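Worth saying up front: this structure is predicted, and the values here are computed from it rather than measured.
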Amino acid sequence: MTIHNLSQNVVLVELHREPIMQDDLKASADIIRQRGDCDLILDFSDVDIMTSSSLAQLLRMRQMMLDSGHRLILCGVNSFTRSAFKVTGLEGIFELVDDKAA
């Protein structure tokens with residue numbers, strides 16, 4: 001996991017592939033809990049599949065971010081993973097953007 005502070009209010013986390021991604025998500029949640037004052041961008045560029053455990057962690061993170069008044073943004077999500085979000089009805093739940101620049 002690579003962490004970039006893009007600004008005082010925005011943290012970018014580059015995720016690894018499964019199964020390491022689960023640990024990355026837990027560590028990201030810990031960082032956000034400690035800071036409590038920033039939006040989080042998760043970069044899925046290296047992620048090819050996602051387990052149900054990781055999806056559950058993402059849902060918890062989304063709620064945590066909403067509760068704190070901040071945004072959770074997913075970028076670089078490949079078409080396979082994006083279609084999984086669509087099939088599960090979660091495409092509209094998460095804020096998906098094409099890349100880090102967006």
- Message: Under a 3.5 Å cutoff, is there a donor and acceptor pairing between the side chains of Q22 and T51?
- Response: yes

- Message: Pairing donors with acceptors under 3.5 angstrom, does anything connect the side chains of Q63 and R60?
- Response: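 No - no donor-acceptor pair under 3.5 Å links their side chains.
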
Distance from [X] atom [atom1] to [Y] atom [atom2], nearest 0.5 Å?
X: F85; Y: L96; atom1: CZ; atom2: CG; result: 6.0 Å
X: D23; Y: L15; atom1: CG; atom2: CG; result: 11.5 Å
X: R82; Y: L74; atom1: CZ; atom2: CG; result: 9.0 Å
X: K26; Y: D30; atom1: NZ; atom2: CG; result: 10.0 Å

- Shortest non-hydrogen contact from L72 toward L58: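 Taking L72 first and L58 second, the nearest heavy atoms are CD2-O, 4.0 Å.
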
Decide yes or no for [X] and [Y]: does some side-chain heavy atom of the first lie under 4.5 Å from some side-chain heavy atom of the second?
X: R17; Y: M21; answer: no
X: H70; Y: L40; answer: no
X: R35; Y: V11; answer: yes
X: L25; Y: S54; answer: yes
X: Q8; Y: C38; answer: no

- Is L6 isolated, or which residues cluster with it under the ILVMFWY side-chain rule of less than 4.5 Å, directly or via members? V10, L12, I41, I73, V97

Examine distances only and state if a side-chain atom of [X] and a backbone atom of [Y] form a donor-acceptor pair shorter than 3.5 Å.
X: N5; Y: S7; value: no
X: R62; Y: F94; value: no
X: S68; Y: M65; value: yes
X: T81; Y: V77; value: no
X: D43; Y: E14; value: no
X: H16; Y: M1; value: yes

- Message: The test is side-chain contact (heavy atoms from CB on, under 4.5 Å); show your working for C75 and L42 and say whether it passes.
- Response: CA-CA 6 Å; C75 75; L42 296 176; over 6 Å; no

- Flag yes if M61 and I93 sit in one hydrophobic cluster, no otherwise; membership is Ile, Leu, Val, Met, Phe, Trp, Tyr, and two members link when side-chain heavy atoms are under 4.5 Å apart. yes

- Message: With clusters defined by side-chain heavy atoms of hydrophobic residues (ILVMFWY) lying less than 4.5 Å apart, directly or transitively, does M64 cluster with L59?
- Response: yes

- Item | Test side-chain contact (heavy atoms from CB on, under 4.5 Å) applied to I49 and F80, step by step | CA-CA 8 Å; I49 62 167; F80 181 75; 4.3 Å; yes

